[in-house]
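Working notes for the structure below.
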Amino acid sequence: MASANFTIPANLILLTIGLPWLGALLVWWIGNSHPKAQNILAVAFALLSGVTALALIPFAGKETALTISVGGPFGDFTFVADGLGIFLAAIATVIGSLAVIFSIDYMHGDHQLGRYYAMVLFFIGAMAGLVLTSNMLLAFVFWEITAFCSFDLISFNNDDPKAVAGGIKALIMTQLGGIGLLGGALLVYSYLGTYDISTFLAGANKLPANVLSLMAFGFLIAAAAKSAQFPFQTWLPDAMEAPTPISALIHAATMVNAGVYLLARFYPAFEQVPGWTISVIIVGVLTALLGALMAMVANDLKRVLAYSTVSQLGYMVYAVGVGSIFSSQFHLLSHSVFKALLFLAAGAVIHSVGTRDMMQMGGLGRRMPLVRLVFIIGALALAGIPILNGFWSKELVLESGMSDGPQWAYIIMVITAGLTAYYTARCVWLVFYGQPRSDLHGHGDAPAAMSVALIPLAIGAFLTELLAGPFIRMLNETLPFHSIHELSTLEIFQDVITAPATLVALAVIALGLLAWFTRGFLKGLSRPTQGLVKIAANSFGFDSINNSIVRLIQVCAEALRNTQTGMISWNVFGIVGGLLILLAILLIGA
Amino acid sequence: MYANDALIWLIIAPMLASPLAYFSGKLVQRKINTGKRNWTEYIPGVLTTLILISDLIPLSICAQTLLDKGVVSVTFGQITFHLDGIGFLLTTVVLALGSIVSLYSLRYMREEVGEEKYYALLTAMIGSIIGLGCTSDLFNLWVWFEAMAITTVMLVAFYRQQPAALESGVKYLVQSATGSVLVLIAISLVYTQVGSLSLDVIRDSVQSPSLLLITAGALFFIGFGVKIALVPLHTWLPDAHSQAPSGISAMLSGIVIEAGLVALLRALGSLFFTGNQWGYILLGFGALNMLVGNLMALRQIEVKRMLAYSSLAHVGYMLLGLGTAAAFGQFNGAAGGFFHLANHALMKGSAFLAAGALLYTLHLAKGDHAPLVVDDLAGAAKRYPVVAFALSVAVLGLGGLPPLAGFMSKWQIFVAGFETKNAVVIVLVIFAALNSVLSLAYYAPLVNRMYREKPSHLVETGKPASLLFTFPLILMTIITVIIGFYPTLLNWLTYPAASSLMALFGA
């Protein structure tokens, strides 16, 4: 590592990535016999990295902030602190800190606390690295590290075969998609001799058209796998075996956004590729719709939230597809806050009653007033009810969809907003209202550390939309290749309120809510939809497609074992046969 | 002249160590038979380790000349030793891995009957691999190759009371001999055509392909291919690698099959003529090896067999890199292939040593020769944190997870593949990447199992892991991580080797 220029932003970037990693080593080192010290260290290092990430904001710029020369086919490891990167690094570290604080209560008494915290901190650092680097090789490295941490944390409870299966599924599917990113990075290197993202964005037209389109679709596959988009959406619900703070952090607020980030980052280069934007729109729309439908029928509290995450990520991908980078990132921000809030509140519920099955809950609101309050705040934001952050960002997505995207896509997305309202109301009702449906009573409301994590997020669900103006300015100033129209927060608000799209969406959302509360009257209607319910509950058959692919590979592997006869005559036959075939090939070839 | 003397010492030292280890072991054994165990039983192992480590000194002297002039050579009568970049890489890796293995074996082999034979054979094997790396003619190539085969066969069958070990030894012997015969025929064909055995003379006089030479090439491929475990010549490998003492498994997988690869490259390099067909065949075997190796490993429940099959796959990656170098003149392919060779020795060595440490503490120390299966590993991390961590890092590195060494060498190979801008090779690279994902499907559950909460019965009753197990593992784990963060760290090793290869294949 010959040269590195240590300016203030360079140091801050190194600290944002390095501090959590250092913390991970220390927490692991100190051992599981000191859980108190592990808690303190984990919280301290997560908070410190949050501080350094926020401290980067005034230093936002479009120039490369840190270069570490490695050379050879590995290029220069470069980092740039632009608006998009800082924004996502801040989300990763701040929500990461809250998830770590929440874990103090949630993971209390666990025997492998060291591994847990080490992996969470390792993840936080890698996520910050992924969004701050401007080198595609390094982006791939961080991309894979986050996938590995996600895998290890999903299967954290290794004794449970379901958890292990879920973890491996997540790992394999995101890795398969990751090959798209790998291929893209290698294509850029083989044509431009660099992995630098800015150089690529500036010189994308130097690549032959077919190479660029190969790369664009490769990145779309990578993004779809990482963000659990169609047709890779099946890993995320199975990832819900992870401890709930992990679901909040990795599978709602940060890692699953990496795909959206990738599409947004490279949008200027791929925009012109024929068929690319419409493919992105189709992926987003299908995912949003399928996710919402599955969320309507799921009975596992965390799976409802997971399907809802899939669906909301579909909104963000759709927004990128119609060219509105800002609204996708704005919705990403809102979603990170309210979905982390929902997951953590759900975690408090699950921690208290000891089940994830909503059919065994009911009437929990009276015993857990704080959790009910914050959950409802999150739910309202998810449903897109005015003045919460989810309202502003979702309306903005729909508005740009109406003006810049195809009509059919817009209509499906509006209907999906109605479905979202429906399943949100259903979820709140089944958990907190009505009569208790089992004798699980729970331990009562959220303990101290959980509340410390929940309350800032609940406040955030009211306030993050105020960041819209400064955020859009930062993006505009530091992303030279994206065309972003600069507006102030107030202008954005006016824009949303006066848009006709808003009224339409609000009406549909109201219909969705109404549908839940009048479900008794709608019974007659529900019969024809029974078939759909069944298909949705079976995740539209995608799981069985996955399973049959896995089975096919295993059957092949098992069949291949027959070739290992253990008989020496067959072994020598292999040698002789190999020789004959090789000779034949050579003689034909020559 | 200084470097020439160093080269002689480099080759002779392990050859001298072999009888030294044997006789010192014999002397010591007579004493300990009368009484309790004492420190003297460590003498053959310590001697071996010290000689192997000190052999790095002549190596570094040769390295300086090598980097200046590109080659070190010394002649005894008719025989010329000729250390180029490829030989330097092979020698460095075998000495480094050999020193670690012999250190590790101090504990692992302490209670075995015939310990002194183990060290004598180990050093003889290392010596013959160094010799193989330094030959300049086909006859000596074959002689060193055979010497290596003979020593390894005896090491594979070291547990001579165990039927499984004997069986695998016999299989290895028969198949390896079949391969050697093919090589011998190939050499005679080349001699018939060219009238010389010197690689340089052959290279200069062969201009165009002839039926005789093409047949010779195919025979080289298959003959050496048995030792490299090219599919479908690989059937001896899972038995041999899993039955050998774990230190030897590390050597077999880490360097012996690669030594065969170097022998093949040297022989083919002398027969290189226009058309690049050798390169294409390397690529073809690469694809086959990756697929078959990974699929066979997927359903394995014996840990050492799984690692053995994964060696097939990793040879495939090396072939992919070296194939792009031979067929398309990609320097990165050669450098990446050799980088992966070194990394594979490091990571697979570490994996075998860690699996061996668990095999020893869970089975062998209790006098039980049953194989280590995946289920035995449950909860191992709690009782053997260092060993479990080392095994995790090693297999994840083999699976190509960043930021570990294995990822970086695969990346360099992939870069070479894309730089050819040839659609077929690019598809092959994507295929290789898919194979890496496939390999995680058996590595990841292995790691999961070790970090279970509930230990298996064997882990609960396991013996403690010696410092002689954990120290080499810590060392190798740290290096695996460092190379992952700083991938150009081994350029001094891989670039000269790549240059030598490019010179062989006419770039």
Side-chain angles (χ1 to χ4, degrees), chain A residues 1 70-74 111-112 115 137 140-145 147-148 151-152 155-159 164 167-168 171-172 175-176 178-179 182-183 186-187 189-191 550 553-554 556-558 560-561 563-566 568 570-572 574-579 582-583 585-587 589-590, chain B residues 170-171 174-175 178-179 182 209 214-215 217-219 221-222 225-226 230 232-233 235-236 238-239 275 277 281 292 295-296 298-299 332 335-336 396 401-403 407-408 411-412 414-419 421 429-430 433-434 437-438 440-441 444-445 448-449 451-454 486-488 491:
Chain A
M1 312 207 176
V70 178
F74 305 102
H111 295 295
Q112 298 198 37
R115 183 160 71 92
L137 161 61
F140 183 76
V141 167
F142 286 120
W143 181 276
E144 297 286 284
I145 297 176
F148 173 72
F151 146 75
D152 193 67
S155 54
F156 179 72
N157 182 12
N158 278 318
D159 295 87
V164 173
I168 291 172
L171 181 68
I172 299 288
Q175 295 271 30
L176 279 180
I179 293 175
L182 173 125
L186 290 171
L187 280 176
Y189 184 76
S190 63
Y191 280 90
V550 170
I553 292 174
Q554 288 188 336
C556 287
E558 200 61 49
L560 199 63
R561 290 184 68 182
T563 62
Q564 185 73 19
T565 54
I568 217 162
W570 280 109
N571 294 357
V572 175
I575 298 175
V576 178
L579 176 63
L582 183 61
L583 267 177
I585 292 174
L586 278 172
L587 294 178
Chain B
V170 170
K171 279 184 193 162
V174 170
Q175 299 194 44
T178 313
L182 299 183
I214 288 177
T215 314
L219 287 165
F221 243 108
I222 302 297
V226 172
L230 300 179
L233 330 167
T235 39
W236 59 273
D239 289 342
Q277 69 265 55
I281 291 169
V292 172
L295 283 178
M296 292 294 281
L298 191 61
R299 305 288 293 170
N332 269 328
L396 293 173
L401 268 187
F407 168 77
M408 290 300 173
W411 184 275
Q412 192 167 14
F414 291 176
V415 166
F418 270 73
E419 277 179 334
K421 295 185 186 167
V429 170
I430 300 294
L434 284 170
V437 178
L438 182 60
L440 282 175
N448 269 326
R449 202 157 290 253
Y451 285 90
R452 278 193 178 185
E453 193 80 16
K454 253 176 84 110
Y486 193 0
T488 46
N491 279 1

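Worth knowing before you read on, the calculation uses all heavy atoms, side chains too, and leaves out hydrogens, waters and symmetry mates. Chain letters run A, B, ... following the sequence lines, proteins first, then strands; residues in each count from 1.
- Between A:F140 and B:W411, the angle of the ring planes lies from 30° to 60°, which puts this pair in the tilted group.
- Each of A:I575, A:L582, A:T565, A:I172 has some count of heavy-atom pairs under 4.5 Å with chain B, and the biggest count is that of A:I575.
- At least one donor-acceptor pair closer than 3.5 Å links the side chain of A:N158 to the backbone N or O of B:N448.
- Taking 4.5 Å as the limit, some side-chain heavy atom of A:I553 sits within range of a side-chain heavy atom of B:L295.
- Looking at A:L186, both its backbone and its side chain come within 4.5 Å of chain B, counting heavy atoms on both sides.
- Pairing each heavy atom of A:Q112 with each of B:Y451, the nearest pair is NE2-O, 3.0 Å.
- Side-chain atoms of A:Q175 do not come within 3.5 Å of backbone N or O of B:L440 as any donor-acceptor pair.
- Side-chain atoms of A:Q564 come within 3.5 Å of backbone atoms of B:T235 as a donor-acceptor pair (strictly under, hydrogens ignored).
- When every heavy atom of A:A557 is checked against every heavy atom of B:L298, the shortest pair comes out as CB-CD2, 4.0 Å.
- Across all their heavy atoms, A:I168 and B:P445 have their closest contact at CD1-CG, 3.5 Å.
- Heavy-atom distances place the side chain of B:I281, and not its backbone, under 4.5 Å from chain A.
- For a residue to count as touching a neighbouring chain, one of its non-hydrogen atoms must lie under 4.5 Å from one of that chain's; by this rule A:F156 does not touch chain B.
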Is there a side-chain contact (heavy atoms from CB on, under 4.5 Å) between A:N571 and B:V174? Walk through the geometry before answering.
CA-CA 9 Å; A:N571 294 357; B:V174 170; over 6 Å; no

